Amino acid sequence: MRTGSRLSAAILALFLAGCTGLPAGLDPAGPAAEMITGLFWWFTAICTAVWALVVLGLGASLLRARPADDGASPLDRGSARRISATRVVTALVGATALVLVALTISAFITGRGLAQLRGEQVRTIEITGHQWWWEVRYSDGGPAETLATANEIHVPVGEAVRLSLRSNDVIHSFWIPRIGGKQDLVPGQVNHLDFTIDKPGIYRGQCAEFCGFQHAHMGLVLVAHPRDEFERWFSSQLKPAQAPRGAEARAGQQAFLSRSCVMCHTVRGTPAGGKIAPDLTHIASRSGVAANTLPMTRGALAAWIADPQAVKPGAHMPRTELDSDELNSILAYLEQLK
Amino acid sequence: MCSPCHKVAGLVLLLAIAGCEREEREFQSPPPQSGDAGAAVLSTLSPGSSAPQATPSPTGRKYNQNAYHISEGKRWFRWFNCNGCHANGGGGSGPALMDEKWIYGGSIEHIAATIRQGRPNGMPSFDGKIPEQQIWQLAAYVRSMSGNAPKPARPSRNDALNPGPAEQQRDPLPTVGGAAQGPR
């Protein structure tokens with residue numbers, strides 16, 4: 001018996017070792033997520049209490065001895081037992097209705113609070129969902145300050161941000177658990193999501209509405225900077241791509257512009273201007289490849305370019321027949337696009 | 001069970017299995033073997049007018065019968081701006097693709113060769129710019145525009161603005177050889 005309890009304690013310790021802090025959804029980083037987390041704990045507490053009461057009642061009735069047979073039929077409406085059972089059931093149905101109404105009202109209050117969160121100074125960022133990546137556009141400042149990037153959103157800390165969400169093909173859903181709730185991206189419609197972030201940091205997000213074969217590999221990253229750091233990031237991203245340095249990177253640019261890359265991708269400052277795939281002007285400054293399926297390393301980039309269908313089968317980036325020199329030079333070129 | 005029932009059940013199963021092929025999604029085509037892709041020539045070496053000749057190929061047949069390839073082709077048609085000249089198949093500065101006239105041949109092998117090599121009076125060459133699999137998918141879609149693909153494999157709806165009925169609703173048009181039509 002003692003070994004048994006030791007074993008179970010060891011197993012429990014192993015399970016707990018897996019938890020480093022709370023899961024992302026319960027560790028809020030902004031007011032919207034805080035309200036949702038509060039609601040989650042409130043629901044959990046009430047449901048736990050109800051469950052415990054039901055189990056206690058069930059256990060008590062199992063343990064209680066069956067009363068002596070008094071000869072009355074259980075279906076006899078006039079019997080005392082029957083009348084008390086009716087009262088108990090009525091009371092419990094009433095209590096259940098009360099609990100459900102209370103939960104509904106608290107959910108309504110949270111929803112109304114979320115809708116009223118929109119702050120004063122609002123920066124709008126346009127997010128467009130594609131199968132299977134996120135297009136991110138900053139177009140608040142007029143044409144000269146319009147910026148397109150992909151799969152990575154940068155925002156300043158403490159500033160109200162409004163996302164306008166669109167879709168290019170099917171319904172997607174934007175969800176960064178530590179920031180707030182989900183919001184769908186619906187074709188032919190613009191939805192909005194407002195949030196503010198309190199702490200600088202990197203927050204991982206994910207498409208939360210099944211959108212096809214590579215739905216699971218449609219990740220995004222939100223980076224919250226202090227104000228001045230954000231301004232530096234923004235002005236560096238506004239610049240066109242830097243000219244390739246070195247013979248290999250120059251050959252890479254030529255290969256990029258003469259092979260299938262140029263059909264779909266944009267690199268600002270070069271003739272590449274495709275609008276149907278992620279903007280690669282500053283690809284090397286991002287943290288992930290293929291909608292954050294792989295980390296941004298030369299090896300991962302090589303794997304993705306050499307055979308996209310092995311990394312994300314069904315993705316719309318085709319395999320291009322490149323010889324190894326072409327592949328290496330394209331990698332050298334892309335690595336300089338900081 | 002009676003033996004006619006067996007036969008019927010077997011037939012139904014066969015039919016069901018045959019239906020699977022059109023939906024098979026081949027994300028990555030194996031590298032083409034020599035001769036698989038067929039040969040497309042624009043004229044025979046003989047006097048008088050002659051239609052473009054092509055040898056039917058396993059590759060062409062595969063792409064022509066597969067719903068996934070054709071719908072991917074429809075996507076590329078929009079993304080690579082084929083619309084820019086051919087409109088939605090009705091033609092603009094480029095010839096119409098949904099009629100029965102094929103200047104450079106109407107077989108899938110001819111259409112793939114036309115996309116690959118380019119043609120006089122405006123059609124650019126996409127060899128090296130569009131990977132081989134995408135060229136075949138485009139060619140399969142272009143053929144389906146005039147109804148020349150198995151009806152169940154043709155796209156049944158339009159994802160983007162498109163004035164015409166979806167390819168599946170169109171009646172197949174006979175393909176007429178094109179060399180005699182002359183350039184537009």
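Reminder, nothing fancy here: chain letters follow the sequence lines and each chain counts from 1. The structure presented is a predicted model; accordingly, all values stated were derived computationally and were not measured.
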Response to the item:
Okay, Leu257(A) and chain B: the region with an atom under 4.5 Å from a heavy atom over there is backbone
Discussion item. Tell me if the CZ atom of Arg298(A) is crowded by more than 12 foreign heavy atoms within 6.0 Å.
Written reply: yes
Worksheet item: Do Pro318(A) and Gln134(B) have side-chain heavy atoms sitting under 4.5 Å apart?
Response: yes
Worksheet item: What's the spacing between Lys129(B) NZ and Cys261(A) SG if we round to 0.5 Å?
Response: 10.5 Å
Practice prompt. Would you list the pairs meeting salt bridge (charged side-chain N to carboxylate O under 4.0 Å, His left out) in which at least one residue belongs to residues 239-263 of chain A, sequence neighbours left out?
Written response: Arg259(A)-Glu326(A)
Fill in: Distance (rounded to the nearest 0.5 Å) between Met263(A) CE and Phe126(B) CZ
5.0 Å
Fill in: Per-residue contact mode, Gln133(B) against chain A (heavy atom under 4.5 angstrom)
neither
Discussion item. So for Cys264(A), is it side chain, backbone, both, or neither that comes closer than 4.5 Å to the heavy atoms of chain B?
Written reply: side chain
Item to complete: Could you note down all residue pairs passing ring-ring contact (aromatic ring centres under 6.0 Å, His included) where residues 260-287 of chain A supplies at least one of them, sequence neighbours left out?
Response: none
Discussion item. For residues 331-338 of chain A, give me every residue with a non-hydrogen atom less than 4.5 Å from any non-hydrogen atom of chain B.
Written reply: none
Worksheet item: Just checking heavy atoms, which of residues 163-177 of chain A are less than 4.5 Å from chain B?
Response: none
Practice prompt. Heavy atoms only: give me the nearest His316(A)-Trp76(B) pair and the separation to one decimal.
Written response: O-CH2, 3.5 Å
Worksheet entry | Side-chain heavy-atom pair Arg75(B), Gln131(A) within 4.5 angstrom cut-off | yes
